[in-house]
Amino acid sequence: MLTLKFIQEHKTEVVERLKKKNFDASEIVEKILSLNEKRRNLLKASESSQAEMNSLSKEIGALYRSGKADEANKAKAKTAELKNTIKELNADLDTVEKELHEELVLLPNLPHDSVPEGRTAEDNEVVKQGGEIPALDNSAVPHWDLIKKYDLIDFDLGIKITGAGFPVYKGKGAKLQRALINFFLDEAEKAGFKEVLPPLMVNEDSGFGTGQLPDKEGQMYHVTADNLYLIPTAEVPVTNLYRDMIVKASDFPIKNCAYSACFRREAGSWGKDVRGLNRLHQFDKVEIVQITHPDISYRALEEMVAHVQTLVEKLELPWRILKLCGGDMSFTSALTYDFEVYSAAQERWLEVSSVSNFENYQSNRLKLRFKEDGEKQTQLAHTLNGSALALPRIVAALLENNQTPEGIKIPEVLVPYTGFDIIN
RNA sequence: GGAGAGGUGGGUGAGUGGCUUAAACCACCGGUUUGCUAAACCGGCGUACGGGUAACUCUGUACCGGGGGUUCGAAUCCCCCCCUCUCCGCCA
């Protein structure tokens with residue numbers, strides 16, 4: 001959520017910048033400003049009445065103590081009206097504050113100045129590219145066939161015990177999962193991210209803190225009996241570790257990485273995009289999260305992007321980095337880079353990571369603040385996160401790109417983790 | 001699942017209706033003293049939203065798990081909810 005203060009001070013800027021996200025903010029901003037004016041007036045009136053009440057009460061107490069009951073009773077009579085006034089003012093204030101909040105959460109985060117104009121994924125800007133797209137021979141098949149051929153993942157068994165989108169990994173397929181998770185965690189740790197292993201379910205407050213609730217409620221599995229949500233990404237529990245906190249500027253940067261299973265209902269998805277490993281209800285991912293000083297959050301973003309780049313390079317996959325255009329960015333992000341790897345048999349790019357700077361948009365909800373050393377004033381921290389990496393599409397690309405007549409070759413860097421160098 | 005105890009500032013913890021402006025201690029920060037460390041002493045030490053100001057100082061209101069109620073006045077009394085801990089049961 002944008003801060004009220006910022007909207008007040010940068011009214012036209014907010015409207016202008018949100019145009020890039022194809023969002024017309026002018027009406028909402030006007031409404032916010034007028035509601036805030038209302039709020040301030042009500043607040044002033046309420047507070048001065050309360051101040052009056054407080055001093056009257058004090059007097060009454062003093063009168064009783066000095067035995068002047070008559071005068072005390074007289075003073076009491078005066079409080080009745082005041083009490084009513086306060087009640088009414090506070091009720092109005094409450095209403096206005098709720099309305100104001102409802103409007104505030106409608107505004108998306110402002111896109112960074114460098115975000116390209118555009119409406120759809122077509123308009124995303126390729127900023128960097130590397131690796132070589134392998135030339136597969138005619139016998140090459142997509143990963144869902146390879147998976148069957150080598151008995152790596154069983155979708156039908158998953159359907160039997162749970163449902164579509166919950167694959168069962170088997171044998172070398174299962175080992176490959178473990179290998180990738182450990183590889184990603186080790187690499188993240190080398191890059192300075194401290195590992196945490198968070199719960200896979202979170203409460204409502206956490207869902208709200210990172211912005212999944214209330215807007216994207218339908219995308220999460222909801223355990224209604226206990227009112228808990230299965231996490232769609234480790235970003236949720238890990239970022240919420242710092243909810244409602246005031247940290248010291250000297251604690252920055254706070255860097256965490258976490259492996260977790262991720263659960264997504266993917267309501268409304270269909271078609272060829274969901275074939276094989278392309279889209280699942282449950283999948284594994286290593287996430288990196290960073291909380292920084294606002295002055296250096298964009299440097300932190302570049303570092304995180306560089307880290308992800310080393311991962312796809314070490315896995316010897318053809319990769320490219322996209323800077324998302326305004327229209328394709330998420331509601332909460334200020335700048336997002338997507339990583340894609342080329343899946344040679346499907347002949348398409350697959351998104352495997354999304355790295356974003358949220359600036360203070362998330363921390364305003366989370367109430368994640370910091371203080372400069374020696375300063376009394378609190379400021380909102382900047383939060384960032386990124387996948388490093390999500391497994392299924394990496395597996396899809398690895399299988400497809402590395403298929404040979406003899407079997408599927410495992411990238412060198414993974415061999416110490418898998419314990420085998422070929423799947424055959 | 002059953003029974004009990006409890007939720008007060010960063011932590012421990014006092015506080016049964018107005019001498020509370022939430023004590024005290026610890027931690028933390030600043031200062032004095034000191035050969036260094038330690039200690040002692042002095043001072044400071046919450047958050048949010050307002051008002052005021054050139055700025056600092058200043059000032060108002062709210063906040064003792066959350067919500068409601070009683071009262072001139074609530075951390076304190078009443079009601080509802082949430083959470084935590086202990087014991088028992090079940091269990092990897």
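Atom set for the values below is all heavy atoms of this structure, side chains included, hydrogens, waters and symmetry mates excluded. None of these values were measured; they are calculated from a predicted model. In the text below, chain A, chain B and the rest are named by the order of the sequence lines, each starting its count at 1.
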Given G69(B), G50(B), C72(B), the nucleotide with the shortest approach to the side chain of S57(A):
C72(B)
With no hydrogens and no angle check, is any side-chain donor or acceptor of R243(A) less than 3.5 Å from a backbone partner on L366(A)?
no
Think K371(A) has a side-chain N or O under 4.0 angstrom from the OP1 or OP2 of C28(B)?
no
Can you check whether D284(A) reaches I181(A) side chain to side chain, under 4.5 Å on heavy atoms?
yes
Crowded around Q377(A) CD? As in, over 12 foreign heavy atoms under 6.0 Å?
no
Pairing partner (Watson-Crick or G-U wobble, both distances under 3.5 angstrom) of G35(B):
none
G73(B) OP1/OP2 closer than 4.0 Å to side-chain N/O of T79(A)
no
Measure CZ/R40(A) against C1'/G51(B) and give the value in whole Å, please.
10 Å
Check whether N109(A) reaches the backbone of F358(A) with its side chain - one donor and one acceptor, N or O, closer than 3.5 Å.
yes
Side-chain donor/acceptor of T239(A) to backbone N/O of E235(A), under 3.5 Å:
yes
U47(B) pairs with which nucleotide, Watson-Crick or G-U wobble, both distances below 3.5 Å?
A62(B)
Show each protein N/O and nucleotides 60-64 of chain B N/O combination with a separation under 3.5 Å, one pair to a line.
residue : atom : partner : partner atom : Å
G60(B)  : N2   : E47(A)  : OE1          : 2.9
G60(B)  : N2   : E47(A)  : OE2          : 2.9
G60(B)  : N3   : E47(A)  : OE1          : 3.4
U61(B)  : OP1  : N54(A)  : ND2          : 3.3

Using purine N1 to pyrimidine N3 plus N6-O4 or O6-N4 for Watson-Crick, or N1-O2 and O6-N3 for G-U wobble, each under 3.5 Å, what pairs with C56(B)?
none
It should be established whether K83(A) places a side-chain nitrogen or oxygen under 4.0 Å from OP1 or OP2 of nucleotide G73(B).
yes
Whom does G17(B) pair with, Watson-Crick or G-U wobble, provided both distances fall under 3.5 Å?
none
Is it the case that the side chain of R365(A) and the backbone of F208(A) share a donor-acceptor pair, with hydrogens and angles ignored and the cut-off at 3.5 Å?
yes
Whole angstroms only, please: what is the CG-P distance between L56(A) and G18(B)?
19 Å
What distance separates L368(A) CG from I291(A) CD1, expressed to the nearest 0.5 Å?
5.0 Å
Looking for any heavy atom pair under 4.0 Å, which part of the strands does I246(A) touch: base, sugar-phosphate only, or nothing?
sugar-phosphate
Could you work out which one of G69(B), A48(B), U71(B) sits closest to the side chain of K87(A)?
G69(B)
d(CG, N203(A); C1', G65(B)) in whole Å
14 Å
